[in-house]
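These figures come from a predicted structure and were not determined experimentally. In the text below, chain A, chain B and the rest are named by the order of the sequence lines, each starting its count at 1. All values below were derived from every heavy atom in this structure, side-chain atoms included, with hydrogens, water molecules and symmetry-related copies excluded.
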Amino acid sequence: MNTSNPETETAAAPSPESRPSNFLRDAVLEDLKTNKFGGRVQTRFPPEPNGYLHIGHAKAICLDFGLAAEFGGHTNLRFDDTNPEKEETEYVDSIMQDVKWLGFEWSGLFYASDYFDQLYAWAVQLIKAGKAYVDDLSADQIRKYRGTLTEPGKDSPFRNRSIEENLDLFERMRAGEFPDGARVLRAKIDMASPNFNLRDPVMYRILHADHHRTGSKWCIYPLYDFAHGQSDSIEKVTHSMCTLEFEDHRPLYNWFIKELGIFPSQQYEFDRLNLTYTLLSKRKLLQLVRDGRVNGWDDPRMPTLSGLRRRGYTPEAIRNFCGAVGVSKTTGSIELAMLEHFVREDLNKRAPRAMAVLRPLKVVIDNYPEIQTEEMEAVNNPEDPSAGTRKVPFSRVLYIEQDDFREIPPPKYFRLSPGREVRLRYGYFVTCKSVVKDAKGEVIEVHCTYDPATRGGNNPPDGRKVKSTIHWVSAAHAVDAEVRLYENLFTKEDPNHTEEGQDFTVNLNPNSLEVLACCKVEPSLASPAPGSRYQFERLGYFCVDHDSAPGKPVFNRTVALKDTWAKVEKKTEKNK
RNA sequence: UGGGCCGUCGACUAAUGGUAGGUCAAGUGCCUUUGGAGCACUUUGUCUAGGUUCGAAUCCUAGCGGCCCAGCCA
């Protein structure tokens, strides 16, 4: 992989005054003021390698890396790999790639599994202190003993084993003497606590499974609660930020740190990102991949970073979005339109323009010389003069968009129709004189005349104006292309909202992918580099897919341009 | 139902006892060789009820509403 891709430039640390405040930043500021951590700010991004990163993780990444960078601190990438049954190196690799692509550099690369020996020693320490015990209850029995929301739990009959027996049993758990699920190690806290996390939480379970890094060395594995806080502590993380659902775990996080007497990292919680019309649950995303509802983790309809990348999103757009979204503790859902705004904003500045016709309609310019071809000069990016210009061939037979012609124009429709004159961008003014129809009465060919005084698409000397400019491709020079159009993967704002007994897959949008196989693009687009992005004039932003072959490009539509006409049309449709 | 957390324009988020502001969305106009982009303007908000205070989105009390927790997942 080319890691020096210029696009993955590192995200700059934002200047403090340019940043809107939020409660996390305020907390850091306060800690700096009181010198709580000796002026240090250190964070970590702790994904479990059990799936691909998505836009929700991007928010966490921007926060973890952004906050540390702002105050001159460091951020580690740490894989929370305590569950060998769900974790794979494929995920580790993709996560590293995605973090880099987003534009962040980690200081240290760690794995919770790096700490298994230390964690084991700490477990022994707690046993010796009478703070942990081996429980022989089954998973089912443990659940029953745990109590309910209103009733306290009951002590396990094994809760008061001797330290020696606990030590012996735990050692034998590690040695592989017992089958999966036979025993667990539990913290001895309080079975009557109103917080379930403190009702003697399980610290270790027996799992005879190979781990992606430690292989068969272990057959007991620590649980999240007995690994995360200590991992933070080992790395001397000062501000450990996680999502709201871990709020109830904070007392336990602190309990282990206190009982072990280790570096006191502080946990903070913020609201996870929710986006309308999209699902941000690794479990459900995995289900879509496994069931073939999408074409892999990097399907351009997926909210994964790899999917968004393939769709044409830029790291900068995603970072800007994450910054704009803010951070708080209120549970809410961001409108997808906000994400789309930030790609448009970024791509408008940087994407070269090109002309492409998605649904071609043949246009013949009757008074244009049959054998003639002209090279028209087109601006590559009106937002960026340094992008220069290019030549686009013009000739007698062209393709225009079917949408850009109406035999009977509706009100406020300004494009081509019989008798009407429009501008061909960078071409000429043309006037529609007649049409040719097929047996079904569909218009298959439009005949026009052009005005030689409008070369380049310029207004003629007589001051004549035209209400519309349309794009086109010269038929003789056109390159065939495939274009993939995407819509929301789900039809409901909240894909999880379903009738009783149904699951989220009923909300899948059957029209989320439309493949246009016979598109016509200008010759400069014959063999574009995969991953490069263009604005197709008047249509939207498109990204070259890696399915492309030389001379046979494939484009993914990132997002359409804002379409005022579509709005007008919709409105008049409604008023009918 | 026990516990934890949270309620500010349609969405997200600021205001840290002293002018309710920003972004997105929506709407209007200007401009335009993209019905793009840009520019200008506009609409809409402090969950409710009491209280403290010269002054409350902010503090207090009580309601109401939402989210999370009963994995040997993270």
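Applying side chain to side chain donor-acceptor pair (under 3.5 Å) to A:Ser240 and the options A:Glu269, A:Arg44, A:Arg250 leaves one that passes, A:Arg44.
The aromatic rings of A:Tyr111 and A:His212 are tilted relative to each other, their planes meeting at an angle between 30° and 60°. Between A:Phe542 and A:Phe536, the ring planes are parallel. Angles under 30° get that label, and only those over 60° would be called perpendicular. The aromatic rings of A:Tyr253 and A:His228 sit tilted relative to each other, their planes meeting at an angle between 30° and 60°. Note on ring orientation: taking the six-membered ring where Trp is involved, the planes of A:Tyr204 and A:Phe170 are perpendicular (angle over 60°, cut-offs 30° and 60°).
Contact of the A:Asp80 side chain with the A:Tyr224 side chain is registered, since non-hydrogen atoms from C-beta on lie closer than 4.5 Å.
Not one side-chain nitrogen or oxygen of A:Arg423 sits closer than 4.0 Å to the OP1 or OP2 atom of B:rG35. Here A:Ser328 does not reach the OP1 or OP2 of B:rC12: none of its side-chain N or O atoms lies under 4.0 Å away. Listed pair A:Arg143 / B:rG71 meets the phosphate criterion, a side-chain N or O lying under 4.0 Å from OP1 or OP2. OP1 or OP2 of B:rG2 has not a single side-chain nitrogen or oxygen of A:Arg146 nearer than 4.0 Å. Of the side-chain N and O atoms in A:Arg425, none sit less than 4.0 angstrom from OP1 or OP2 of B:rG36. The phosphate of B:rG35 has OP1 or OP2 within less than 4.0 Å of a side-chain N or O from A:Arg538. Between A:His341 and B:rC24, a side-chain N or O to OP1/OP2 separation shorter than 4.0 Å is present. OP1 or OP2 of B:rA37 has not a single side-chain nitrogen or oxygen of A:Lys349 nearer than 4.0 Å. For A:Lys562 and B:rA37, the shortest distance from a side-chain N or O to OP1 or OP2 is below 4.0 Å. Phosphate contact (OP1/OP2 of B:rU16, side-chain N/O of A:Ser21, threshold under 4.0 Å): absent. Between A:Thr330 and B:rU13 there is a side-chain polar atom (N or O) within less than 4.0 angstrom of OP1 or OP2.
In terms of polar N and O atoms assigned as donor or acceptor, the side chain of A:Glu335 comes within less than 3.5 Å of the base of B:rG10 in a complementary pairing. Put simply, the side chain of A:Arg415 and the base of B:rG35 share a donor and an acceptor less than 3.5 Å apart.
Listed candidates were B:rG35, B:rG36, B:rA74. Nearest to the side chain of A:His249 is B:rA74. The side chain of A:Asp563 sits closest to B:rG35 out of B:rA25, B:rC72, B:rG35. Checked against B:rG36, B:rC72, B:rG35, the side chain of A:Val202 finds its nearest nucleotide in B:rC72. The side chain of A:Glu48 lies closest to B:rA74 when the candidates are B:rA74, B:rG35, B:rG2. In the set B:rA26, B:rG36, B:rC72, the nucleotide with an atom closest to the side chain of A:Glu383 is B:rG36. Out of B:rU33, B:rC72, B:rA14, the shortest distance to the side chain of A:Arg205 is found at B:rC72. Nearest to the side chain of A:Thr564, among B:rG36, B:rC72, B:rC67, sits B:rG36. The side chain of A:Pro382 sits closest to B:rG36 out of B:rU16, B:rA74, B:rG36. Side-chain proximity of A:Gln535 to B:rA25, B:rU34, B:rA74: nearest is B:rU34.
Of the C1' atoms belonging to B:rU52 and B:rC60, the separation is 7 Å, rounded to the nearest Å. Going from the P atom of B:rU46 to that of B:rU8 covers 10 Å, rounded to whole Å. Separating the P atom of B:rC69 from that of B:rC59 is a span of 28 Å, rounded to the nearest Å. B:rC54 and B:rC64 are spaced 31 Å apart, taking the C1' atom of each and rounding to whole Å. A distance of about 28 Å separates the C1' atoms of B:rA11 and B:rA49, rounded to the whole Å. Nucleotides B:rA14 and B:rC24 place their C1' atoms 15 Å apart, quoted to the nearest Å. Atom P of B:rG50 sits at a distance of 48 Å from the matching atom of B:rC72, rounded to the whole Å. B:rU33 and B:rU42 have their C1' atoms separated by 30 Å, given to the nearest Å.
For B:rC24, the paired nucleotide is B:rG10, the pair qualifying as Watson-Crick or G-U wobble because both relevant distances are below 3.5 Å. Pairing of B:rG35, defined by two Watson-Crick or G-U wobble distances under 3.5 Å, is not identified with any nucleotide. Nucleotide B:rU53: unpaired (no Watson-Crick or G-U wobble partner with both distances less than 3.5 Å). Base pairing annotation: B:rU48 forms a Watson-Crick or G-U wobble pair with B:rA62, both donor-acceptor distances under 3.5 Å. Across the strands present, B:rA74 finds no partner; the criterion is a Watson-Crick or G-U wobble pair with both atom distances under 3.5 angstrom. Pair assignment for B:rG2: B:rC69, on the basis of Watson-Crick or G-U wobble contacts that are both within less than 3.5 Å.
By the 6.0 Å and 45° rule, A:Arg183 stacks over the aromatic ring of A:Phe178.
Nearest approach of A:Gln535 to A:Tyr541, heavy atoms of both residues: NE2-OH, 3.2 Å.
The environment of NZ in A:Lys467 is sparse: at most 12 heavy-atom neighbours from other residues, nucleotides or ligands sit within 6.0 Å. Counting non-hydrogen atoms of other residues, nucleotides and ligands closer than 6.0 Å to NZ of A:Lys349 gives a total above 12.
Residue contacts for A:Asn458: at a heavy-atom cut-off of 4.0 Å it reaches a base atom on one of the strands shown. Heavy atoms of A:Leu223 sit under 4.0 angstrom from primed sugar atoms or phosphate atoms, though from no base atom. Among the protein residues, A:Leu137 comes within range of the nucleic acid bases, having at least one heavy atom under 4.0 Å from a base atom.
Across the protein-nucleic acid pair, A:Leu63 atom CG and B:rC12 atom P stand 18 Å apart, rounded to whole Å. A:Lys59 has its NZ atom 11 Å from the C1' atom of B:rU13, to the nearest Å. Distance A:Arg199 CZ to B:rG4 P: 13 Å, rounded to the nearest Å. Here the C1' atom of nucleotide B:rC5 and the OH atom of A:Tyr268 are 17 Å apart, to the nearest Å. Atom pair A:Leu273:CG and B:rC12:C1' shows a separation of 10 Å (rounding to whole Å applied). If you measure from atom CE of A:Met338 to atom P of B:rA11, you get 13 Å, rounded to the nearest angstrom. Whole-Å rounding puts the A:Phe270 CZ to B:rC68 P distance at 17 Å. What separates CZ of A:Arg25 from P of B:rU16 is a distance of 14 Å, to the nearest Å.
When each of A:Glu537 and A:Ile334 is assigned the nucleotide of RNA chain B with its nearest heavy atom, A:Ile334 is the one assigned upstream, toward the 5' end. Positionally, the nearest nucleotide of RNA chain B for A:Asp248 lies more toward the 5' end than for the other of A:Leu561 and A:Asp248.
Ring-to-base geometry does not place A:Phe196 in a stacked arrangement with B:rG3 (centre distance under 5.5 Å, plane angle under 30° required).
With a glycosidic angle no further than 90° from 0, B:rG71 counts as syn.
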